[in-house]
Amino acid sequence: MPELPEVETIASGVNRRVQGDSIVSAWFSLYREPCRTPAAEMAPALDGRRIERVRRVGKHIVFDLSYRGAASAQWIVHLGMTGRLLVSVAAVPVPPHTHAILRLASGRELRFVDARRFGRLALHTAEGGGFAGPGREPLTISKEEFAALFCGRKLSVKAALLNQRLLHGIGNIYADESLFRAGIRPTRVAGRLARERLDHLHTEIRAVLTGAIRAGGSSVSDYVDADGVRGFFQTEHRVYGREGEPCAVCGTRIRKMVVAGRGTHYCPRCQR
DNA sequence: AGAAGGACCTGCACGC
DNA sequence: TGCGTGCAGGTCCTTC
């Protein structure tokens with residue numbers, strides 16, 4: 001599942017391949033189209049545009065485009081659960097579940113493939129500034145602003161971490177891993193956590209995310225290659241997906257429960 | 001308004 | 001072997 005570290009790695013991989021290239025034409029599947037912006041409106045806004053840069057904002061991949069030297073609209077890609085961006089030469093067969101194809105001046109194609117159809121494509125126009133995402137960036141937010149996000153909230157801290165309008169980029173895996181490292185039970189009410197515990201969580205979120213970006217950088221780099229699809233790197237999860245296994249810190253069996261509608265893994269001894 | 005829960009969608013791991 | 005069932009979860013929508 002692409003969360004912040006995976007999206008970061010994919011965005012930089014795509015950027016390395018298509019930066020400076022130009023879009024010749026765009027095609028979108030009309031069958032239950034994944035476009036938030038109607039395809040009929042999106043295609044003309046992409047045609048002839050130069051790709052200045054591809055980068056990550058939250059879990060979104062942002063294509064900064066220009067037209068005749070001037071900045072134009074941004075193309076926004078959300079991978080959902082199973083979305084993939086492939087850069088292929090046109091001769092490579094188009095895989096199943098391909099919902100969008102951008103033909104590039106270099107002769108290659110940028111393909112959006114998504115079996116589960118949770119991914120979304122959209123156009124962001126320059127009005128009101130560039131695309132900033134729904135929430136705050138976990139990697140750059142200050143301790144003070146982080147703590148302020150949780151103030152007065154009555155939902156669980158796990159649900160708060162998953163709420164993209166507060167922090168964007170954290171998903172189920174890194175929420176569980178961050179809470180484990182911070183020693184916080186996922187069911188704790190967000191607004192009732194002491195300031196020092198929030199500071200600890202702030203620190204561990206950054207550590208987990210930056211560590212995953214470092215670990216994933218090399219092995220995910222082939223992800224966008226037409227024939228090199230490997231999936232995401234295997235993160236060294238301490239709790240996620242380890243139900244029943246002994247905690248690496250205290251040996252207690254890792255438990256799993258449902259919090260905020262999601263499978264939630266935790267150590268009943270380390271996390272209070 | 002904030003919080004909670006279901007719907008969406010498909011592939012895959014199971015169990016019989 | 002083959003088929004049915006349940007589970008996975010990011011986000012959107014509805015309900016409370």
Side-chain angles (χ1 to χ4, degrees), chain A residues 1-11 28-38 56-62 76-86 94-100 111-124 131-138 148-179 186-193 205 208-209 212 223 229-232 234-235 237 239-244 254-266:
Chain A
M1 299 90 228
E3 300 181 31
L4 187 153
E6 292 79 22
V7 178
E8 173 85 26
T9 306
I10 291 166
F28 299 97
S29 163
L30 292 179
Y31 171 67
R32 274 184 278 182
E33 56 184 70
C35 310
R36 185 150 307 169
T37 307
R56 175 198 64 79
V57 174
K59 291 178 191 169
H60 299 263
I61 298 171
V62 177
I76 313 295
V77 176
H78 193 294
L79 298 173
M81 289 285 297
T82 55
R84 288 153 35 201
L85 282 173
L86 307 178
V94 174
H97 307 297
T98 298
H99 306 306
R111 299 167 176 175
F112 174 69
V113 183
D114 183 16
R116 296 277 284 280
R117 294 175 174 277
F118 282 3
R120 289 292 177 265
L121 308 174
L123 207 61
H124 183 84
F131 179 78
R136 306 293 308 276
E137 271 294 325
L149 287 180
F150 293 79
C151 188
R153 304 264 168 197
K154 292 180 177 173
L155 74 178
S156 66
V157 63
K158 164 100 182 204
L161 288 179
L162 293 177
N163 185 342
Q164 302 294 298
R165 288 173 171 271
L166 300 178
L167 288 173
H168 58 204
I170 297 174
N172 203 40
I173 296 172
Y174 293 103
D176 282 4
E177 294 297 318
S178 301
L179 288 169
T187 48
R188 286 267 173 257
V189 175
R192 291 200 192 142
L193 286 169
I205 286 171
V208 166
L209 295 178
Y223 188 76
V229 180
R230 287 193 210 164
F232 301 117
Q234 299 297 309
T235 311
H237 303 314
V239 287
Y240 188 84
R242 295 191 51 197
E243 180 187 11
I254 300 299
R255 283 192 203 159
K256 183 179 180 182
M257 61 179 167
V258 175
V259 180
R262 295 288 170 254
T264 299
H265 313 72
Y266 70 104

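Values in this document were obtained by computation on a predicted structure and should not be read as measured data. Convention: sequence-line order gives letters A, B, ...; per-chain numbering from 1.
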Rounded interatomic separation in angstrom, taking [atom1] from [X] and [atom2] from [N]:
| X | N | atom1 | atom2 | value |
| --- | --- | --- | --- | --- |
| His99(A) | dC9(B) | NE2 | P | 11 Å |
| His168(A) | dT11(C) | NE2 | P | 11 Å |
| Asp114(A) | dG9(C) | CG | C1' | 13 Å |
| Met257(A) | dG9(C) | CE | P | 14 Å |
| His60(A) | dC12(C) | NE2 | P | 7 Å |
| Ile173(A) | dG9(C) | CD1 | C1' | 9 Å |
| Glu3(A) | dT11(C) | CD | P | 9 Å |
| His78(A) | dG9(C) | NE2 | C1' | 11 Å |

Polar side-chain atom of [X] near backbone of [Y] as donor-acceptor pair, under 3.5 Å:
| X | Y | value |
| --- | --- | --- |
| Glu3(A) | Tyr174(A) | yes |
| Asp176(A) | Tyr240(A) | no |
| Gln164(A) | Pro134(A) | no |
| Arg192(A) | Arg188(A) | no |
| Glu137(A) | His168(A) | no |

When the rotation axes relating C1' atoms of four end pairs to the next four are compared across the helix from dG2(B)-dC16(C) to dC16(B)-dG2(C), five pairs an end, they differ to 10° by 40°

Note, Phe112(A) side chain near Leu121(A) side chain (heavy atom, < 4.5 Å): yes

Do any side-chain nitrogens or oxygens of [X] fall under 4.0 Å of OP1 or OP2 in [N]?
| X | N | answer |
| --- | --- | --- |
| Tyr174(A) | dG10(C) | no |
| His97(A) | dG11(B) | yes |
| Lys59(A) | dG9(C) | no |
| Gln164(A) | dT11(C) | yes |

Between protein and nucleotides 2-7 of chain B, map the contacts as a letter string: B base, S sugar-phosphate only, - none, heavy atoms under 4.0 Å, written 5' to 3'. -SS---

Between Arg56(A) and Glu6(A), is a salt bridge (Lys or Arg N to Asp or Glu O under 4.0 Å) present by the stated rule, with each step listed? CA-CA 10 Å; Arg56(A) 175 198 64 79; Glu6(A) 292 79 22; over 6 Å; no

Which atom of Pro95(A) lies closest to which atom of Val113(A), heavy atoms considered: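 Result for this residue pair: CG-CG2, 3.8 Å.
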
Check every atom of dC9(B), dG10(C), dG11(B) against the side chain of Arg117(A) and return the nucleotide holding the closest atom. dC9(B)

Select base, sugar-phosphate, or nothing to describe what Lys158(A) touches, counting heavy atoms under 4.0 Å on all strands. nothing

Side-chain H-bond candidate by donor/acceptor type, His99(A) with Asp114(A), under 3.5 Å: no

